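Working notes, structure below.
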Amino acid sequence: MKYTLITGASGGIGEAFARRLASEKHNLVLVARSEDKLRALCDELAAKHQISCRYFALDLLERGADAQLYDETEKNGLEIDWLINNAGFGSGGDFAKLDRERELQIIDLNISALVALTHRYLQRMRAAKRGTIINVSSAAGFQPIPFMATYAASKAFVSSFSEAIAEENRPYGIRILALCPGSTKTNFFQAANIERPIQVKGQQTVEDVVDTAMKAIAGTKTKVVSGWANYLGSIAGTLVPNSISSRVMAKALRSRYQKTDI
């Protein structure tokens, strides 16, 4: 039986993907750390949409978590036809003063776990000559962002990686998309200890972001920015030299995060 696996599924964009795809009759495998939230969501979606919904309460930052998840889905005969790598987090602040281990965890989750899961499930998709992978990146990845340095850089990797392997796997009938939301109404900023959202114009809903992804995955795009204001901002970010855009951003954010004594 075919399943869609969603990481970071207990809230935000991940939960919105689960709700949307359940309504379209996808069987689901939901992954996050919170077992209570996953169980409640699985029970709700299975009953409401008459689908099969499984969950694994797992911290993808734990060593070997990707192998554990893959082995569990294989052992239970869950054919992962869609993979949505949504789990991730960020931070805001003066990099030199941020917690070093937490910055490394951003890289581990946003990059290493995503690459590991993509590699594992891609093997099966290639053999079947079909499959869909959506890697949740960010509009923040279009340029360096001072005071969100690690997060923005991690999302630049996600976009570049996703677009590259999308072309590698096009001959195998596999669709791969980098989804780049801008500021979205989730708990991201609270979790990242960012007092005020960094946004081009307003915030999108998680449903807006998922709708953008679903329209894009039905076509031929390998990367999509959610929201016109965010799209225009991303275009500007690619046209303006990084040396200029990062200086402008630093000037705008310095008062929030850095009290200089020089």
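Scope of the values below: all heavy atoms of this structure, side chains included, with no hydrogens, waters or symmetry mates. Predicted, not measured: the structure shown is a model, and the values here were computed from it.
With sequence neighbours excluded, no residue satisfies salt bridge (charged side-chain N to carboxylate O under 4.0 Å, His left out) with K37. In this structure D99 satisfies the side-chain hydrogen bond (donor to acceptor under 3.5 Å, both in side chains) test with no other residue, sequence neighbours excluded. Judged as a salt bridge (charged side-chain N to carboxylate O under 4.0 Å, His left out), and not counting sequence neighbours, K251 has no contacts.
Of the candidates T132, N135, I134, I84 forms a side-chain contact (heavy atoms from CB on, under 4.5 Å) with just one, namely I134.
Side-chain contact check for I217 versus W82: some heavy-atom pair is nearer than 4.5 Å. By the 4.5 Å heavy-atom criterion applied to side chains, H26 and L28 are counted as neighbours. When side chains are defined from C-beta on, Y55 does not count as touching V29, because their heavy atoms never get closer than 4.5 Å. A heavy-atom distance below 4.5 Å is not found between the side chains of D81 and M125. In this structure the side chain of E167 reaches within 4.5 angstrom of the side chain of T222, judged on heavy atoms. The closest side-chain heavy-atom distance from R33 to L58 is not below 4.5 Å. Between F147 and R256, every side-chain heavy-atom pair lies at or beyond the 4.5 Å cut-off. Residues T73 and Y121 are in side-chain contact: their nearest non-hydrogen atoms beyond the backbone lie under 4.5 Å apart.
Distance CG/L117 to CG/L5: 7.0 Å, rounded to 0.5 Å. Between I145 atom CD1 and N242 atom CG the span is 10.5 Å, to the nearest 0.5 Å. Taking OG1 from T150 and CZ from R102, the interatomic distance works out to 11.0 Å, rounded to the nearest 0.5 Å. Separating the CG atom in N169 from the OG1 atom in T118 is a distance of 10.0 Å, to the nearest 0.5 Å. In this structure, the separation between CD on E35 and SG on C42 is 11.0 Å, given to the nearest 0.5 Å. For the atom pair CG (L114) and CG (D66), the distance works out to 11.0 Å, reported to the nearest 0.5 Å.
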Given side chain to side chain contact (heavy atoms under 4.5 Å, CB included), test L78 with M1 step by step and report yes or no. CA-CA 6 Å; L78 310 177; M1 187 180 292; over 6 Å; no

- [ ] List the steps, then state whether salt bridge (charged side-chain N to carboxylate O under 4.0 Å, His left out) holds for E74 with R124.
- [x] CA-CA 10 Å; E74 287 289 292; R124 281 281 192 168; 2.6 Å; yes

Q. Can you check salt bridge (charged side-chain N to carboxylate O under 4.0 Å, His left out) on R19 and E44, steps first, answer last?
A. CA-CA 10 Å; R19 292 185 179 281; E44 176 192 345; 2.7 Å; yes

**Message:** Checking E15 against L41 for the side chain to side chain contact (heavy atoms under 4.5 Å, CB included) test, could you report, in this order, the C-alpha distance in whole Å, the side-chain angles of both residues, the deciding distance, and whether it holds?
**Reply:** CA-CA 8 Å; E15 181 182 346; L41 182 59; 3.9 Å; yes

Between V225 and F142, is the side chain to side chain contact (heavy atoms under 4.5 Å, CB included) condition met? List the steps. CA-CA 10 Å; V225 179; F142 281 85; 3.6 Å; yes

- [ ] Begin with the C-alpha distance, continue with both residues' side-chain angles, and end with the deciding distance and a verdict on side chain to side chain contact (heavy atoms under 4.5 Å, CB included) for R20 and E207.
- [x] CA-CA 8 Å; R20 170 68 177 267; E207 291 79 14; over 6 Å; no

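In summary, K215 and D211 engage in a salt bridge, as defined by a charged side-chain N under 4.0 Å from a carboxylate O. Under a 4.0 Å N-O distance rule, the pair R130/E79 qualifies as a salt bridge. We find that R100 and E103 are not joined by a salt bridge, their nearest charged nitrogen and carboxylate oxygen being 4.0 Å or further apart.
Of the possible donor and acceptor atoms, none in the side chain of R170 sits under 3.5 Å from a partner among the backbone N and O of I165. A donor-acceptor pair is defined here as one N or O able to donate and one able to accept, closer than 3.5 Å; no such pair exists between the side chain of S160 and the backbone of A156. Between the side chain of N86 and the backbone N or O of V136, no donor-acceptor pair lies under 3.5 Å.
For K25, the NZ atom counts as densely surrounded, since its 6.0 Å shell holds more than 12 non-hydrogen atoms of other residues, nucleotides or ligands.
In this model, a donor atom of one side chain and an acceptor atom of the other lie less than 3.5 Å apart for Q204 and S226. S52 and N27 form no side-chain donor-acceptor contact under 3.5 Å, judged by distance and modelled atom types alone. In this model, a donor atom of one side chain and an acceptor atom of the other lie less than 3.5 Å apart for D94 and Q258.
Closest approach of L98 to G92, counting heavy atoms only: CD2-O, 3.6 Å. Among all heavy-atom pairs drawn from A216 and L177, the shortest one is CB-CD2, 3.9 Å. Closest of all the heavy-atom pairs between S137 and P181 is O-CD, 3.3 Å. Across every non-hydrogen atom of I6 and G14, the tightest pair is CG2-O, 3.8 Å. A65 and D59 make their closest contact through CB-O, 3.4 Å (heavy atoms, listed as atom of the first residue, atom of the second, distance). In plain terms, the two heavy atoms of K155 and S138 that are nearest each other are CG-CB, 3.6 Å.
Residue F95 is not grouped with residue Y151 when hydrophobic side chains (ILVMFWY) are merged at heavy-atom distances under 4.5 angstrom, including chains of intermediate members.
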